[in-house]
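Worksheet: one structure, shown below.
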Amino acid sequence: MKHTPDLITELGDNQIFVFGSNLAGKHNGGGARIAVEKFGAVYGQAVGIQGKSYAIPTLGFEFEKIPLAEIRFYIDLFFQFAYNHPQYEG
């Protein structure tokens, strides 16, 4: 997995854009908005693969911070996805 400080505007064929989401799936700002506009994220889908993007919730339904243990659960789901889909590069 790679990290870049630059704004991502395109992806390679085997790449996915991983972004922070909220449990309502309201992808209105930041990386979530970019995921919708550029990489096929689905408004209303809070978790998982969406087009060429993958959502990891970090906020609750009302945009409140969720406990780290809950975020860890979603990160573990992402790791399982990555393990089962080695063709992708995040």
Side-chain angles (χ1 to χ4, degrees):
M1 188 173 359
K2 296 179 184 178
H3 172 270
T4 180
D6 301 324
L7 182 64
I8 297 172
T9 57
E10 60 185 46
L11 297 170
D13 290 338
N14 67 331
Q15 294 179 320
I16 59 171
F17 181 79
V18 180
F19 68 98
S21 180
N22 58 74
L23 291 174
K26 295 180 179 176
H27 308 318
N28 294 326
R33 184 176 186 155
I34 292 169
V36 169
E37 292 175 354
K38 302 269 186 195
F39 306 120
V42 178
Y43 198 83
Q45 184 178 335
V47 183
I49 190 75
Q50 305 170 39
K52 290 185 60 90
S53 63
Y54 190 100
I56 298 175
T58 59
L59 298 174
F61 287 100
E62 300 295 326
F63 305 102
E64 75 281 7
K65 293 180 183 179
I66 60 176
L68 189 55
E70 190 173 343
I71 296 171
R72 174 63 188 249
F73 170 78
Y74 294 114
I75 291 171
D76 287 345
L77 286 178
F78 171 65
F79 284 159
Q80 289 174 10
F81 172 83
Y83 180 80
N84 290 320
H85 298 87
Q87 72 273 23
Y88 291 120
E89 177 182 325

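Worth knowing before you read on, the calculation uses all heavy atoms, side chains too, and leaves out hydrogens, waters and symmetry mates. Please read all numbers here as calculations on a predicted model, not as lab measurements.
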- Query: Is the side chain of Ser21 donor-acceptor paired with the backbone N or O of Val47 at a distance under 3.5 Å, no angle test?
  - Reply: no

Heavy-atom closest pair, residues [X] and [Y]:
X     : Y     : value
Ala55 : Pro57 : O-CD, 3.9 Å
Ala32 : Gly20 : CB-O, 3.8 Å
Gly40 : Ser53 : C-OG, 4.2 Å

From [X] [atom1] over to [Y] [atom2], what is the distance, rounded to the nearest 0.5 angstrom?
X     : Y     : atom1 : atom2 : result
Gln15 : Ile8  : CD    : CD1   : 8.0 Å
Phe19 : His27 : CZ    : NE2   : 4.0 Å
Leu23 : Ile66 : CG    : CD1   : 5.0 Å

- Which side chain to side chain donor-acceptor pair (under 3.5 Å) pairs, counting each pair once, include a residue from residues 56-79, with sequence neighbours left out? Arg72-Asp76

- Look at the rings of Phe81 and Tyr54 and say which category their plane angle falls in: under 30° parallel, 30 to 60° tilted, over 60° perpendicular. tilted

- Describe, in one word, how the ring planes of His85 and Tyr88 are oriented to each other, choosing from parallel (under 30°), tilted (30 to 60°) and perpendicular (over 60°). tilted

- Test Phe17 against Lys38 for side-chain contact (heavy atoms from CB on, under 4.5 Å), laying out the working first. CA-CA 10 Å; Phe17 181 79; Lys38 302 269 186 195; over 6 Å; no

- Query: Stepwise, does the side-chain contact (heavy atoms from CB on, under 4.5 Å) test hold for Ile49 with Ile16?
  - Reply: CA-CA 9 Å; Ile49 190 75; Ile16 59 171; 4.2 Å; yes

- Task: With sequence neighbours excluded, give me every salt bridge (Lys or Arg N to Asp or Glu O under 4.0 Å) pair touching residues 41-59.
- Result: none

- side-chain contact (heavy atoms from CB on, under 4.5 Å) between Glu89 and Asn14: does it pass, once the steps are laid out? CA-CA 6 Å; Glu89 177 182 325; Asn14 67 331; 3.7 Å; yes

- By side-chain contact (heavy atoms from CB on, under 4.5 Å) - contacts of Phe73 (at least two apart): Leu77

Quick one, [X] and [Y] - any side-chain contact, counting heavy atoms below 4.5 Å?
X     : Y     : answer
Gln50 : Phe39 : no
Asn22 : Phe61 : no
Leu7  : Ile34 : yes

